[in-house]
Structure formats: C-alpha cells, structure tokens
Chemist: 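Just dropping this structure here.
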Amino acid sequence: MLIDTHAHLQMKDYNSDRQAVLDRAKSADVEYIINASFDIPSSQLAVKLADENEMLFASVGVHPHDAKTLDDKALETLKELAQNKKVVAIGEIGLDYYRDLSPRSIQRSAFIAQINLARELDLPIIIHNRDSHDDMLSILKENLNGLSGVMHCFSGDQDFADKCLELGLYISFAGPVTYPNSIVLQRIAANIPKNKFFVETDCPYLSPQFMRGKRNEPSYVKAVARKIAELRHDTLPNISKITSENANALFKLNREIK
Ligand code: NI
C-alpha cells in the first residue's frame, strides 16, 4: 500500500471527477491521502472531504503566498478546524522567496505563528520552502523545540537535506525525483535513511515524468515510489511499505500498514 502524503484534492481542478480520481488511487494501491491546505477556504474544504471519505486526511494552514491573510481570526479558525480527528498536521506553512507573494517579514511571522499553533495542538508541520533555505533553517532552529514535521516536495541540496534531518524533520519526495535532470535530488533519495522519508504527489502540480505537464493525481504517487525503489536498488513493495510506515508514524494516522 501507498500513502500520498501531500495532495490538493480540494481544489476545483477535481470538481468534475473527484470520485474517479479517488477510485483510480485505490486501484493503484493508494490507501490514504493527506490533503494539504493553503488558506482558510481550502482548509475548510479539506476537513469536509476528510469527514466524508475514509481514504482522506487533512492538514490545515496558510501558505506563505497568503501569509498576509493570517490574522487572529484566521488562527482561531485553524485551531477550531484542527479539533477534527482527521486533521493530522498544520500546513502547508513556510517561506517562498521565489514568488514573494507576501512580504518576507510577514511570511516569517505567519510561519512562526503557525509553528506555535502546531505545538499547542501537538500536531506535526508540513513545510513549504522555496529559495529561502537560510531563513528557513534559522527559524526552524529557533522555533521547533522538538516539534516534528516534514520538508514537503524537497528541493534542496545534500547539505540542506542533512540539516533538515539534524533538526529531526522527515523529507518528502514528489514528481521531480522522476525527472531525468534531477541528479542531486535522486542522489539524496538514494541515500537518505530509510526511516526518514516518504512520498507525495503535490497534485494537481508536478506530475511525474510520464505525465509531465498534465494534471497530477494521487494514483501517480506510485511512479515516485517506483523511481525511489530503482534509485535505492530496492523493491516497489518494500519502498511502499516503509514510506507508509514513516507517514503513519509522523502523522499518527493510527492505521494498519500492509
Ligand atoms: Ni502543495
């Protein structure tokens, strides 16, 4: 079995065929999917979908792009949503200095506020990081204090990966690990300790190589796992099992892993 640890099935991209997408995931051995959120409406929708469907879990949070919308009321709403038993993380939260859609100082304060919320709620965090490695590491060093989480859709080099692991974080691999030119990323996936990583799609974005440029969906997470199995000279069933166990451990899904 596989777990897609980071999808966005609450997006309107799936409004016309969401059930078919879930059925295809099931047929591809994807037992569970965590829908990650990026603002208040997507958090509300992710929780609603998780409530309606056995396969789905949710994270709630405000993405750095929308950091300027994270006021006290939004924080209170996230806290209320997180009372739902199928909310398993706060995220995706972090820094994005590539698109800079919210001022950087506001991104940093929204990130720290949501790290603190996660600690208060005893939930792990799902971290988005783009072109912000130095500020990311210094914020994590000062604020994690034992809180656990995952660097989602990992995109750094070996040194950044090592520093994330030192902080106790997991690393999650998405479609880019299947791209022929992703040499650095593939080397990290080949060598990372087996209890520290798992897989995701980040759908509808970042389809693996065989569907590159098209809409992504959770069934394609198998292509990510298959590539990592190849890189590690391991088998797909074994990589599926260990990544599911790792996700089950971080997110406390309390599900039986087969
Ligand atoms: Ni995402």
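Order of listing sets the numbers, starting from 1, for every ligand and every atom in it.
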Chemist: Quick one: the OE2 of Glu92, the Ni ion (ligand 1), NE2 of His8 angle, rounded to 10°, please.
Modeler: 90°

Chemist: Answer yes if the side chains of Asp162 and Gln158 hold a donor-acceptor pair under 3.5 Å, and no otherwise.
Modeler: yes

Chemist: Among the N/O/S atoms of Asp202, select the one at the shortest distance from the Ni ion (ligand 1) and name it.
Modeler: OD1

Chemist: Angle class for the His8/His6 ring planes (parallel below 30°, perpendicular above 60°, tilted otherwise)?
Modeler: perpendicular

Chemist: Is the Ni ion (ligand 1) under 2.8 Å from any N, O or S atom of His6?
Modeler: yes

Chemist: Could you check whether Phe198 and Phe251 have their ring centres less than 6.0 Å apart?
Modeler: yes

Chemist: Without swapping roles, check the side chain of Ser207 against the backbone of Lys214 for a donor-acceptor pair under 3.5 Å.
Modeler: yes

